[in-house]
Structures are given as structure tokens and as C-alpha cells.
Amino acid sequence: MNSPKHVAIIMDGNGRWGIKNKKSRNLGHKAGLKTVEKIIKSTIKNNVKNLTLYAFSTENWKRPYLEIKFLLNLLEFFLKEKIEELHKNGIKLKIIGNTKKFPKRIQINLKSAQEKTKKNKKLQLILALNYGSKSEIVNAIKLIKNKNIKINENSINKFLYTKGIPNPDILIRTGNTNRLSNFLLWQLSYSEIFFVKKMWPDFNGRDYKRIIDKFKKIKRNFGKI
Ligand code: FPP
């Protein structure tokens with residue numbers, strides 16, 4: 001049986017859940033953060049060592065200003081109020097994406113949260129923030145070219161944000177939408193993909209465990225027979 005080392009999640013459906021249940025997209029995001037906390041705990045329980053969450057894409061800047069502000073406030077709240085608990089539970093925080101576009105205050109919080117938790121070993125929580133896969137790949141190729149290094153899979157792996165992190169074994173996308181939305185296109189090339197109808201705020205530990213158990217039974221042959 002295969003145990004997953006890395007689960008990546010596209011947490012889709014907050015907005016629709018919020019409109020349906022609270023008449024507000026932003027309250028859907030707030031409920032989504034509660035699911036984030038639950039799923040972090042379940043990840044540890046299931047002994048998975050890396051969890052990547054797509055929290056803000058390069059395309060999310062196109063949303064209304066007030067929604068962007070709400071999402072950034074939630075991120076700031078998470079970094080300030082939850083970091084101590086993450087740290088106590090042995091969680092290492094790692095950010096992937098171009099965070100230079102975020103307000104300075106958040107950049108400082110991101111940096112200090114990563115510094116504080118860098119030696120933790122129980123779980124690596126990878127937050128994708130202002131992340132876009134195509135720009136990540138282009139950026140890697142530019143860096144390789146500048147350094148005059150040979151372009152191959154190995155060198156590209158080394159210049160992606162995910163350097164040193166095993167590729168996701170599992171990708172979960174909630175929200176009843178079957179697409180990748182510019183998320184980890186390179187790293188997901190052999191991942192098992194699970195599309196879930198539930199909106200992210202309704203996704204729970206049982207749904208998650210069911211996916212992990214299903215994954216464990218899959219025979220993965222990576223192109224061989
Ligand atoms: C996609 O749902 C979700 C996001 C763009 C944001 C995800 C953010 C959170 C779960 C909360 C903050 C998380 C952290 C870790 C601080 P959508 O808004 O596109 O949903 P829709 O498709 O129904 O509109």
C-alpha cells in the first residue's frame with residue numbers, strides 16, 4: 001500500500017458556499033479558514049508529511065478590492081493568531097509564490113513565521129500565495145539560463161519554488177470544478193487527482209480520509225506496466 005507523502009489542495013467553492021449559506025462570499029472564505037485548520041489536523045493524523053494549499057492565485061488579484069482585502073486580512077489573522085499553535089504542533093510553514101506583491105506588513109509576517117517554524121518536522125504546510133504555475137516555470141528557466149546551467153528536468157526542479165519538496169501524490173479540488181487553474185502544472189504530472197463536488201467549507205476529515213484510503217489502493221506505475 002502506498003502512503004502519500006504530499007497532498008495538494010485547490011480549496012474551491014468558498015464564494016458559492018458563502019452566498020448560499022451566509023449571503024456573503026467573504027463569510028465563505030472565513031468558513032474556509034476553519035476547514036483549513038481541520039484539514040491540517042487531519043493531515044497530521046493521517047501521517048502525511050507535506051500539505052500544499054492554494055490560498056491565493058496570481059489571478060485572484062482580478063477580484064473586487066474588498067474581497068482581496070478580506071482574503072489578505074484572513075491571511076494576516078492566520079499568521080498572527082495561529083502561528084504559535086502551528087509551531088507547538090511541530091508544523092513548518094513554507095510559502096511558494098511571489099509574495100513581493102503583498103503589503104510589506106504581510107511580507108514581514110510571512111518571513112518571520114517561516115523562520116520561527118523552519119526546524120519543525122511533523123508536517124510541512126506549504127501555502128501557495130500569489131502563486132501561478134506558468135510564471136513559476138518561466139522564472140525557473142530564466143534563472144537557469146542566466147546561470148548558464150544545462151536545461152533538463154533536474155535543473156528545472158531545482159529552480160522551482162518547490163525545490164526539495166516531493167511532488168504531490170494526491171491533488172484534491174473541491175467545489176465541483178474539474179480543472180487545474182494554473183496550479184503546480186509541472187509537479188502534478190503523475191499525481192492522482194480527486195475532484196470533489198462539495199464546496200471547501202463543507203469538506204471534512206472523513207472526506208479527506210476516504211480519498212487517502214482510496215489512494216493507498218491505487219497501483220501507480222508511472223508509465224510502466
Ligand atoms: C477559492 O474559492 C478560494 C480562494 C480563492 C481562497 C482560499 C482561502 C481560504 C480557504 C481562506 C484563507 C486561507 C489561509 C490559509 C489563510 P472561490 O472564492 O473561488 O469560490 P467560488 O468558486 O465559489 O467563487
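Quick caveat: nothing in here was measured; it's all calculated off a predicted structure. In each ligand, atom 1 is the first atom listed, and ligand 1 is the first ligand listed.
Of all protein heavy atoms, the one lying nearest to atom 15 (C) of ligand 1 is Leu127 CD2, 3.9 Å. Ranking protein heavy atoms by distance to atom 8 (C) of ligand 1, first place goes to Asn14 ND2, 3.8 Å. Given atom 11 (C) of ligand 1, the protein heavy atom at minimum distance is His29 O, 3.8 Å.
By the 3.5 Å distance cut-off applied to N or O atoms, Gly13 is counted among the residues near ligand 1. Backbone and side-chain nitrogen or oxygen atoms of Asp12 are examined, and one is located within less than 3.5 angstrom of a nitrogen or oxygen of ligand 1. Not one N or O of Trp17 is nearer than 3.5 Å to an N or O of ligand 1, by distance alone. Considering backbone and side-chain N/O of Asn60, none are found under 3.5 Å from N/O of ligand 1. Of the N or O atoms in Leu75, none lie within a sub-3.5 Å distance of an N or O in ligand 1.
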> Yes or no on ring-ring contact (aromatic ring centres under 6.0 Å, His included) for Phe102 and Trp61, after CA distance, side-chain angles and deciding distance?
Replying inline: CA-CA 11 Å; Phe102 289 113; Trp61 296 109; 5.5 Å; yes
> Given the rule in the salt bridge (Lys or Arg N to Asp or Glu O under 4.0 Å) test, do Asp207 and Lys198 qualify, once you have shown the distances and angles that lead to the verdict?
Replying inline: CA-CA 9 Å; Asp207 301 318; Lys198 276 188 181 181; 2.9 Å; yes
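How far OG1 of Thr35 is from NZ of Lys38: 5.0 Å, rounded to the nearest 0.5 Å. One finds the OG1 atom of Thr58 at 11.5 Å from the CG atom of Leu129 (value rounded to the nearest 0.5 Å). Note that the CZ atom of Arg179 and the CG atom of Asp12 stand 7.5 Å from one another [nearest 0.5 Å].
Numbered from 1 in the order shown, with element, the atoms of ligand 1 that lie under 4.0 Å from a heavy atom of Ala55 read 6 (C), 7 (C), 8 (C). Near Leu33, meaning under 4.0 Å from any of its heavy atoms, are these atoms of ligand 1: 13 (C), 14 (C), 16 (C). Atoms of ligand 1 found under 4.0 Å from any heavy atom of Gly15 (numbered from 1 in listed order, with element): 17 (P), 18 (O), 20 (O), 21 (P), 23 (O), 24 (O). The Met11 neighbourhood of ligand 1 comprises atoms 1 (C), 2 (O), 3 (C), 7 (C), 10 (C), with distances under 4.0 Å to a heavy atom of that residue.
For atom 18 (O) of ligand 1, the candidate residues are Lys30, Arg63, Arg16; the nearest heavy-atom contact is made by Arg63.
Look at Lys217 and Asp213 and you find no salt bridge, because none of the NZ, NE, NH1 or NH2 atoms lies under 4.0 Å from a carboxylate O.
Residue contacts with ligand 1: Met199 is excluded, as none of its non-hydrogen atoms falls under 4.0 Å.
For the side chain to side chain contact (heavy atoms under 4.5 Å, CB included) with His6, the lone residue among Val48, Ile170, Asn167, Thr52 that qualifies is Thr52.
With sequence neighbours excluded, no residue satisfies side-chain hydrogen bond (donor to acceptor under 3.5 Å, both in side chains) with Lys216.
Cluster partners of Trp17 are Met199, counting Ile, Leu, Val, Met, Phe, Trp and Tyr whose side-chain heavy atoms approach within less than 4.5 Å, directly or via other members.
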